[in-house]
K.L.:
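This is the structure I want to talk about, given as structure tokens.
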Amino acid sequence: MIRVEQLSKTYGDVRAVREVSFAVERGELFGLIGPDGAGKTSLIRILTTLLRADSGTATVGGYDVVTDYRAIRNTVGYMPGRFSLYQDLSIEENLHFFATLFGTTVRENYAVIRPIYEQIEPFKKRRAGQLSGGMKQKLALCCALVHQPTVLFLDEPTTGVDVVSRKEFWDMLGLLKSQGMTILVSTPYMDEASLCDRIALIQEGKILSVDTPAAIPGQYRGILLAVRADEIYALLKDLRALPWLKSCYAFGESIHCTVGQPADAARLREALTGHSNLEVKEIPASIEDCFIQLMNP
Amino acid sequence: MTPAIVCRNLTKQFGAFRAVDAISFDVQPGEIFGFLGANGAGKTTAMRMLCGLSYPTSGEATVAGYDVYREQEKIKRKIGYMSQKFSLYENLTVRENITFFGGIYGLSDKVLKEKREAMIGTLGLSNEAGKLVGSLPLGWKQKLAFSVAVLHDPAIVFLDEPTGGVDPITRRQFWDLIYAAADRGITVFVTTHYMDEAEYCDRISIMVDGRIEALDAPRLLKERYHAADMQDVFYQLARKAVRSDN
């Protein structure tokens, strides 16, 4: 449904998108995962025909993003990162407005939005500007879906949102996926990777890796150890003094270290005998561990 | 040791709405205190009262020993503040920003100059010191903003979602700065949506609907809620929330 080949975009000296290629299949939930400034928004804006690439090609639903931009605008749904509905219109009015723009009616496509719209329907007379963040998001999603798009683009829908609302939002995406919708979603949260069918890790305009979230950890080089002790900051300082560690950084309640040999775990324990309640265990790499390794090749 | 922050039944009411509902806690000097909560739980309102930007409706609190009702201006001199949304002036250079904020915090020219050059060296920004802050990558901006917020050696630094959207490596470098500041005795009061960062705090509190529902070391909270990680603890507590933001 989406095909991107050698796409590049430069703003002055900044190379926002650098020779990016990937493809998204029909019905796939595809995640674009990377920090601010990685090029996620530029890429989404090129695919939704709001920005022209400097070079490379892309198609969405078989349409070329440059020559067939009108067809793409009629068939895709787009939820930008910044809330961009009319604050002075009510929930209902916003929804009707967007349906009319696409030459359709809310009634015609009600089945698509129903599971999400039902959650905000009790407040349908309320102006969008008066809604909570979670409700605004649901309304924005409804407006992006009201013309039954073939592909849905979501730019950082969960940024700055708490854990509970994030989970709710991903449940909604799961529901849309089960109805056959093709979805491209961007996020800076690495832990959301596992909720996608496939992901692209992106940093400074370049794709580091594209694969299923389950397969990416298999590409991790070396052995990853989680190290814990009572005094975490002292432990971190001691670990950094060991030149034979390939990497070493804080990760939640423990410190993650990469080593080359299985025997290095015992060597590590010996080097840290001064620490109380020391624990060293081998663990599988998470997406964030992989991202960190890919950032420092 | 006198606590850096003492808070007793602190409450803020807007009309019929009780944004902060009788919260009580102490924060010790040099502690890294994570202040978590769902969107709309009342974190920002509570933080504004502690920073001397808003008067409580009732309850007591002192920050760096000063009263939040009567000594707001003294509080402002003893704290640093940084958020993801507002930190530095994009149209000033790195050096100009440091000079500007140092001046605001009342540092003398001599001290300011020493601190400024030391900071530029520590952050590895020697080649960027004359560049506009707006042209720096987000991660550098955030590290610089933090360093500026502790330029005047405040007793307490308040950090409001300082690492939002920052890449995983820079996020960790940012926490190195936090650890180093705490090691120097600066109390750190921080909010975040990254639950792995909650684990880096000495203690954390979780606010739900204006109240503090849980407050302890991350390890003890995980034991109490039989949770594998802080994400799970947070989810168990915050899913009961009735309120959301706005």
Side-chain angles (χ1 to χ4, degrees), chain A residues 12-14 33-38 40 81 129-137 156 158-168 187-191 201-204 228 230 232-234 236-237 240 247-256 286-296, chain B residues 32 36-41 43 84-85 135-139 141-142 161 163-173 175-176 178-180 182-183 192-200 202 206 208 217-219 222 228-241 243-246:
Chain A
D13 297 337
V14 183
I33 298 184
D36 285 6
K40 305 188 296 297
Q130 313 271 297
L131 299 174
S132 73
M135 280 165 64
K136 274 185 185 161
Q137 232 183 7
E156 297 204 23
T158 54
T159 292
V161 170
D162 70 58
V163 173
V164 179
S165 315
R166 274 167 58 189
K167 188 177 178 312
E168 266 185 23
T187 176
Y189 295 106
M190 307 277 152
D191 58 346
L201 301 180
I202 179 168
Q203 162 78 0
E204 289 179 347
R228 280 171 73 172
D230 286 343
I232 278 283
Y233 188 48
L236 186 61
K237 282 199 220 167
R240 285 200 179 136
S247 76
C248 161
Y249 48 86
F251 201 105
E253 61 176 8
S254 51
I255 294 169
H256 284 187
S286 68
I287 297 288
E288 188 153 344
D289 291 307
C290 296
F291 199 99
I292 290 171
Q293 187 171 70
L294 290 165
M295 279 176 76
N296 291 320
Chain B
I32 302 175
L36 311 186
N39 296 112
K43 297 189 301 287
Q84 190 197 352
K85 289 174 199 102
S135 71
L136 298 181
L138 175 72
K141 269 188 224 172
Q142 299 301 79
E161 289 182 37
T163 56
V166 174
D167 73 67
I169 292 180
T170 311
R171 212 147 65 75
R172 286 170 172 84
Q173 291 169 348
W175 273 88
D176 280 346
I178 294 183
Y179 277 131
D183 222 30
T192 179
H193 281 308
Y194 290 98
M195 289 301 128
D196 60 326
E197 293 187 345
E199 308 261 11
Y200 304 158
D202 294 315
I206 298 180
V208 180
R219 187 176 53 84
K222 281 183 286 183
D229 51 28
M230 282 311 301
Q231 177 126 345
D232 190 16
V233 173
F234 186 93
Y235 187 73
Q236 285 185 43
L237 286 164
R239 67 197 288 193
K240 294 181 233 153
R243 278 164 35 184
S244 59
D245 55 355
N246 235 336

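Scope of the values below: all heavy atoms of this structure, side chains included, with no hydrogens, waters or symmetry mates. Chain letters run A, B, ... following the sequence lines, proteins first, then strands; residues in each count from 1. In this text, all values refer to a predicted model and were calculated from it rather than measured experimentally.
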K.L.:
Could you tell me which non-hydrogen atom of B/Y200 sits nearest to which non-hydrogen atom of A/A250, and how far apart they are?
P.N.:
OH-O, 3.2 Å
K.L.:
Should B/D196 and A/E288 count as side-chain neighbours, where that means a heavy-atom distance under 4.5 Å?
P.N.:
yes
K.L.:
If I compare all heavy atoms of A/G252 with all of B/E199, which pair ends up nearest, and what's the gap?
P.N.:
C-CB, 3.3 Å
K.L.:
Please evaluate residues A/D36 and B/K141 with respect to the criterion salt bridge (Lys or Arg N to Asp or Glu O under 4.0 Å), reporting the C-alpha separation (whole Å), side-chain torsions for both, the decisive distance (0.1 Å), and the verdict.
P.N.:
CA-CA 12 Å; A/D36 285 6; B/K141 269 188 224 172; over 6 Å; no
K.L.:
Does the side chain of B/R172 come within less than 4.5 Å of A/F251's, by heavy atoms?
P.N.:
yes
K.L.:
Please classify the contact of B/A180 with chain A as side chain, backbone, both or neither, using a heavy-atom distance under 4.5 Å.
P.N.:
both
K.L.:
Once ring-ring contact (aromatic ring centres under 6.0 Å, His included) is applied, do any residues pair with A/Y233, and if so which ones, sequence neighbours excluded?
P.N.:
B/Y179
K.L.:
Less than 4.5 Å to any heavy atom of chain B: does that hold for the side chain of A/Q203, its backbone, both, or neither?
P.N.:
side chain
K.L.:
Tell me, for A/T159 versus chain B, whether the close heavy atoms (under 4.5 Å) come from the side chain, the backbone, both or neither.
P.N.:
neither
K.L.:
Are there over 12 heavy-atom neighbours, none belonging to A/E253, within less than 6.0 Å of that residue's CD?
P.N.:
yes
K.L.:
Check each atom of B/M195 against the heavy atoms of chain A and say whether the ones under 4.5 Å are side chain, backbone, both or neither.
P.N.:
side chain
K.L.:
Side chain, backbone, both or neither: which part of A/K237 has an atom under 4.5 Å from a heavy atom of chain B?
P.N.:
side chain
K.L.:
Where on B/P218 is there a heavy atom nearer than 4.5 Å to chain A: the side chain, the backbone, both, or neither?
P.N.:
neither
K.L.:
Check A/V164 against B/R239 and note the closest heavy-atom contact, atom names and distance.
P.N.:
CG2-N, 3.7 Å
K.L.:
Among all residues two or more places apart in sequence or in another chain, which pass the side chain to side chain donor-acceptor pair (under 3.5 Å) test with A/D191?
P.N.:
A/R166
K.L.:
Taking B/D167, B/D229, B/V166, B/T170 one by one, which has the highest count of heavy-atom pairs under 4.5 Å against chain A?
P.N.:
B/D167
K.L.:
Less than 4.5 Å apart, any side-chain heavy atom of B/H193 and any of A/D162?
P.N.:
yes
K.L.:
Between the side chain of B/Y235 and the main-chain N/O of A/K167, is any donor-acceptor distance below 3.5 Å?
P.N.:
no
K.L.:
Look at B/E197, B/Q231, B/R219 and state which one has the largest set of heavy-atom pairs under 4.5 Å with chain A.
P.N.:
B/Q231
